[in-house]
S.K.: 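Submitted below is the structure of interest, expressed as structure tokens.
Numbers here are sequence positions counted from 1. One-based numbering, in listed order, for ligands and for the atoms of each. Values below: all heavy atoms of this structure, side chains included; hydrogens, waters and symmetry mates excluded.
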Amino acid sequence: MSEPLFRTPKGTHDVLPQDHQYMTYIKKAVRHRARQAGYKRIDTPMFESRGVFERGIGEHTDIVEKELFTVTGKKDNEGKAAEFALRPEFTAGICRAYVEHGMQQLPQPVELYSIGQCFRYDRPQKGRYRQFHQIDLEVIGLKDPSLDAQLIYVVTKILNDVRILDRLTLQINNIGTAENRQAYVAALKDFFIGKERNLPEEDARRLQTNPLRLLDSKNGDTQVLVRNAPKLEQFLSGESKQFHETLLEYLDELGVRYVPNPGLVRGLDYYNQTVFELWDQSTGAQNAVGGGGRYDGLIELLGGKPTPGVGFAGGMERMIWHMKEAGVRVPDKDQVDVFVAQLGPEAKKKCLALVSELREKGVHTLGALGEASLKSQMRLADKFQAKYALLLGKMEVKEGTIILRDMQAGKQKQIKYGQAIPQVIKLLGEKNLDTYVLRDQIGEVDED
Ligand code: HAM
């Protein structure tokens, strides 16, 4: 094969049909669990005003400082151009939509979910891409630990449905209120006075801009210092502690297993109180499969009335990786049931109708409508891994018959032409037919 002229940009990949089967499987689980729990689907644009993310996620977070894919619009008459960014996540955009559409008027909490592409201009490596997919759940408008617990419960259900929950641990922490953290950050800065020289350049800068990030620094020197630094726990108010204790009680009640992790802070600024992540049991914090938490100040930051919220996002590529590692087999919905082969102009005409009719009945059907010999058409049927083949030659047309071949067994028999469809359906089994009905208005619609 010659070298292709173009390839996907670094950090992106094509989702090929074999990977779509996993994606579809995950999406189904998400839609199913979301509907059960009253979440409704929302799709926000893939790009937003840059400010949505700068304000929402925080100017001094890695995501905004280093990883935003920015897009500059065209200059207007005054020579100004709008600044957009591709969404690095869903939460900020969904909260922007909540404010924009006056969703505070709706019965609260408003539960929304979304599935789609996100973009982060990070250095690509295993499990980290510049374009990736997230599943996202948000519960906006009420504050109660039972909402955090229920959200986490739904998340564990989804992960269990796709059979990867037992490969993960749920790490959970409470990072207090904004005031709790302010007091803590002041203490942390005090502690580091005179120690800045021992910090790597990036962490020294973070000490000024976003000191909490030092807590989950990957740098060994920083980690040693952090071990002796004051602990966030000591600065949590009674209210925060109570909130967390109640949440953990609810999780116990729901049978959700978790690992309390006082060092967990998360990389987005909008969090307060609950934060959680799903870690790979063997690799820990690296390549978390998902994460989330409470963001009671975010909507106000985006111009709305103070409105609490809690949510979660999972990375689909990382979920798929785990599914493959765990040997999870997803149904192959693209299999070919019947391959229709024909020879001669009369047969070809009849086959056109036969192929359409089989498809209408829910049989996945391919037809070789070219001019190749029957033998090479059979080879094609084999390559497509068709379960059955129907062969119609000049003789069969004349006799009103057709040949039905079991491709795996390599056996064939001549049957009446009119028997072709009923026989195929019988062999495949009614329940395996791919019939799809848009249920009238009230039913569920199996959207993509
Ligand atoms: P996050 O932890 O930044 O949280 O991302 C959630 C998940 O998206 C990660 O755990 C990971 O699986 C996946 N992910 C993130 N970046 C990449 C990447 N570059 N390549 C592949 N996968 C990636 C959020 O995005 C928050 N919005 C979660 C949330 C929702 N909090 C409240 N509501």
S.K.: Determine, for D62 against R206, whether the closest basic-nitrogen to carboxylate-oxygen distance falls under 4.0 angstrom.
M.R.: yes

S.K.: Tell me, which pairs form a ring pair (Phe, Tyr, Trp, His ring centres under 6.0 Å) where one or both residues lie in residues 59-79, sequence neighbours left out?
M.R.: F69-Y121

S.K.: What residues come within 4.0 Å of ligand 1, counting heavy atoms only?
M.R.: E89, T91, R120, G127, R128, Y129, F132, Q134, D136, E138, R266, L268, Y270, Y271, A288, V289, G290, G291, G292, G293, Y295, G311, F312, A313, G315, R318

S.K.: Would you tabulate the side-chain donor-acceptor contacts of residues 321-328 under 3.5 Å, counting partners in other chains and residues two or more places apart, or write 'none'?
M.R.:
{"from": "H322", "atom 1": "ND1", "to": "R167", "atom 2": "NE", "distance (Å)": "2.9"}
{"from": "K324", "atom 1": "NZ", "to": "D19", "atom 2": "OD1", "distance (Å)": "2.7"}

S.K.: With salt bridge (charged side-chain N to carboxylate O under 4.0 Å, His left out) as the rule and sequence neighbours excluded, what pairs involving residues 169-186 come up?
M.R.: none

S.K.: Is it the case that the ring center of Y271 lies less than 6.0 angstrom away from the ring center of Y295?
M.R.: no

S.K.: What do the steps show when you test D280 against S282 for side chain to side chain donor-acceptor pair (under 3.5 Å), and what is the final call?
M.R.: CA-CA 5 Å; D280 181 331; S282 44; 2.9 Å; yes

